[in-house]
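Scroll down for the structure; my scribbles are underneath it.
Along the sequence shown, the residues carry numbers beginning at 1.
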Amino acid sequence: MTNVLMVLSAASYLTLADETQHPTGVWAEEFLEPYRIFTEAGWKVQVASPAGVAPTFDAISLSEGGVGSAERLADFETRIVDLQSVLQHPLRLDAVNASDYDVIFYPGGHGPMEDLAVDDNSGQLIVEAVKSNTTLGVLCHAPAALLAANDKATGEWALKGRKMTGFANTEEELGGLADKVKWLVETRLVELGADYSKAAEPFAPYVVVDGALYTGQNPASSVAVAERIVADKS
């Protein structure tokens, strides 16, 4: 059986440049759709977070406007209720080992910019995954978690030169937070040496695959990146 670890942010807010707290968390679609796709493939999925804290879902990602329709919102809400036993008791991130999993997957939302971007346990999990060529999926704002992947053996960023995508600066601008956040995902990835690319149009589905590294640009890429992982490992 294929074993999957989904690493979720434990943050319920993002600290902005003016030090105010912007409510956020995990973007619901980015967890729910890959979780569905992985479990429908017959894969075993476990969830982990910093200190084993239950995740907070971004309220906008559980609004009719955020999901696109009342029907889809009702579906998401039902699925979250059904998964409470999973969501309320995540594994502690400092207690998991990359070698126990075939796939490690990071959903986004602004939450990872607050905690996973500076979480050494997450960073070393990613380093181990890269070194062992474990399938690593990273979606939307979750490439923020890649920033902590410093290889202690070499002193370098473990993803330097790798092809990837992530939430684009233009998308952050359209979302209204680009001039309020302390840093932008696209900018930081490029600064660290990523070979970054994005879709021609904001919020269009876009997936980049570089070996065992699978990245999706935005929420609309949630299904595509998960389905690509399943297809490639089947």
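Put simply, the side chain of Val4 does not reach to within 4.5 Å of the side chain of Tyr35, judged on heavy atoms. Contact check for His22 versus Leu177: side-chain heavy atoms found under the 4.5 Å cut-off. For the pair Ser12/Pro23, no side-chain contact is recorded, criterion being any heavy-atom separation below 4.5 Å from C-beta on. A heavy-atom distance below 4.5 Å is not found between the side chains of Gln21 and Leu14. In this structure, the side chains of Val185 and Met113 come closer than 4.5 Å at one or more pairs of heavy atoms. Residues Cys140 and Pro219 are in side-chain contact: their nearest non-hydrogen atoms beyond the backbone lie under 4.5 Å apart. Side-chain contact between Thr215 and Val225 is absent, with no heavy atoms from C-beta onward closer than 4.5 Å. Side chains of Thr2 and Val103 form a contact here, defined as non-hydrogen atoms less than 4.5 Å apart.
With hydrogens and angles disregarded, no donor-acceptor distance shorter than 3.5 Å links the side chain of Glu186 to the backbone of Ser197. Between the side chain of Ser63 and the main chain of Gly66, a donor-acceptor pair closer than 3.5 Å is present. Not a single donor-acceptor pair under 3.5 Å links the side chain of Ser9 to the backbone N or O of Gly25. Of the possible donor and acceptor atoms, none in the side chain of Glu19 sits under 3.5 Å from a partner among the backbone N and O of Thr15. At least one donor-acceptor pair under 3.5 Å links the side chain of Tyr196 to the backbone N or O of Gly166. Side chain of Ser49 to main chain of Leu8: no donor-acceptor pair is present (N/O by atom type, distance under 3.5 Å, no hydrogens or angles). Not one N or O on the side chain of Asp151 forms a donor-acceptor pair closer than 3.5 Å with the backbone of Ala158. Distance alone, capped at 3.5 Å, is enough to place a donor-acceptor pair between the Gln217 side chain and the Ala199 backbone. Here the side chain of Asp58 pairs no donor or acceptor atom with the backbone of Gly109 at under 3.5 angstrom.
Nearest heavy atoms, Pro205 versus Asn218: CA-OD1, 4.1 Å. Closest heavy-atom contact between Val67 and Ser61: CG1-O, 3.1 Å. In plain terms, the two heavy atoms of Thr24 and Thr56 that are nearest each other are O-CG2, 3.8 Å. Scanning both residues, Ser122 and Tyr106, for their nearest heavy atoms gives OG-OH, 2.8 Å. Nearest heavy atom pair, residue Ala98 against residue Leu125, reads N-CD1, 3.6 Å. Of all the heavy atoms in Gly137 and Ile229, the pair that sits closest is CA-CD1, 4.1 Å.
Ion pairing of Lys131 with Glu128 is absent here, as no side-chain N (NZ or NE/NH1/NH2) approaches a carboxylate O to less than 4.0 Å. Ion pairing between Lys163 and Asp195 fails under the 4.0 Å rule for side-chain N and carboxylate O. Taking a cutoff of 4.0 Å between a charged side-chain nitrogen and a carboxylate oxygen, Lys182 and Glu114 do not qualify as a salt bridge. The pair Arg79-Glu33 counts as a salt bridge, with a side-chain nitrogen and a carboxylate oxygen less than 4.0 angstrom apart. Residues Glu29 and Arg72 are paired through a salt bridge, judged by an N-O separation under 4.0 Å between the basic side chain and the carboxylate.
Between the CE atom in Met1 and the CG atom in Asp102 there is a gap of 10.5 Å [rounded to 0.5 Å]. To the nearest 0.5 Å, atom CG of residue Leu184 and atom CD of residue Glu171 are 11.5 Å apart. The structure places NE2 of His110 at 8.5 Å from CH2 of Trp27, a figure rounded to the nearest 0.5 Å. Here OG1 of Thr39 is found 8.0 Å from CG of Leu83. Values are rounded to the nearest 0.5 Å. In this structure, CG in Leu147 is found 12.0 Å from CG in Asp119, a value given to the nearest 0.5 Å. Rounding to the nearest 0.5 angstrom, the gap separating the CG atom in Leu93 from the CG atom in Asp120 is 10.0 Å.
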### Message
Test side chain to side chain contact (heavy atoms under 4.5 Å, CB included) on Val45 and Met6; report intermediate values, then the result.
### Response
CA-CA 7 Å; Val45 181; Met6 297 188 77; 3.7 Å; yes
### Query
Do Asn169 and Thr187 pass the side-chain hydrogen bond (donor to acceptor under 3.5 Å, both in side chains) test, and can you show the C-alpha distance, the side-chain angles, and the key distance before you say yes or no?
CA-CA 7 Å; Asn169 291 355; Thr187 298; 2.9 Å; yes
### Message
Please determine whether side chain to side chain contact (heavy atoms under 4.5 Å, CB included) holds for the pair Asn3 and Trp43, giving the CA-CA distance in whole Å, both sets of side-chain angles, and the decisive distance to 0.1 Å.
### Response
CA-CA 6 Å; Asn3 292 302; Trp43 294 1; over 6 Å; no
### Query
Should Val96 and Asn121 be marked as a side chain to side chain contact (heavy atoms under 4.5 Å, CB included) after you check the CA-CA gap, both sets of side-chain angles, and the distance that decides it?
CA-CA 9 Å; Val96 300; Asn121 293 310; over 6 Å; no
### Task
Quick one: do Asp75 and Thr78 satisfy side-chain hydrogen bond (donor to acceptor under 3.5 Å, both in side chains)? Show the steps, please.
CA-CA 5 Å; Asp75 175 51; Thr78 297; 6.0 Å; no
### Task
In sequence, state the C-alpha distance, the side-chain angles, and the governing distance for Ser99 and Asn97, and then conclude on side-chain hydrogen bond (donor to acceptor under 3.5 Å, both in side chains).
CA-CA 5 Å; Ser99 60; Asn97 297 302; 5.3 Å; no
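If you chain together hydrophobic residues whose side chains sit under 4.5 Å apart, Ile80 and Val86 fall into the same group. Phe167 and Leu174 end up in the same hydrophobic cluster when Ile, Leu, Val, Met, Phe, Trp and Tyr side chains are linked at under 4.5 Å. If you chain together hydrophobic residues whose side chains sit under 4.5 Å apart, Val207 and Leu213 never meet in one group. Cluster membership for Phe105 and Leu87, using ILVMFWY side-chain heavy atoms within less than 4.5 angstrom, is shared.
Counting heavy-atom neighbours within 6.0 Å of Glu201 CD, excluding the residue itself, gives a total of 12 or less.
In this structure, Phe31 and Phe57 have tilted ring planes: the angle between them lies in the 30° to 60° band.
Donor-acceptor pairing under 3.5 Å is lacking for the side chains of His141 and Glu30.
Checked against side-chain hydrogen bond (donor to acceptor under 3.5 Å, both in side chains), Glu173 has no partners two or more places apart in sequence or in another chain.
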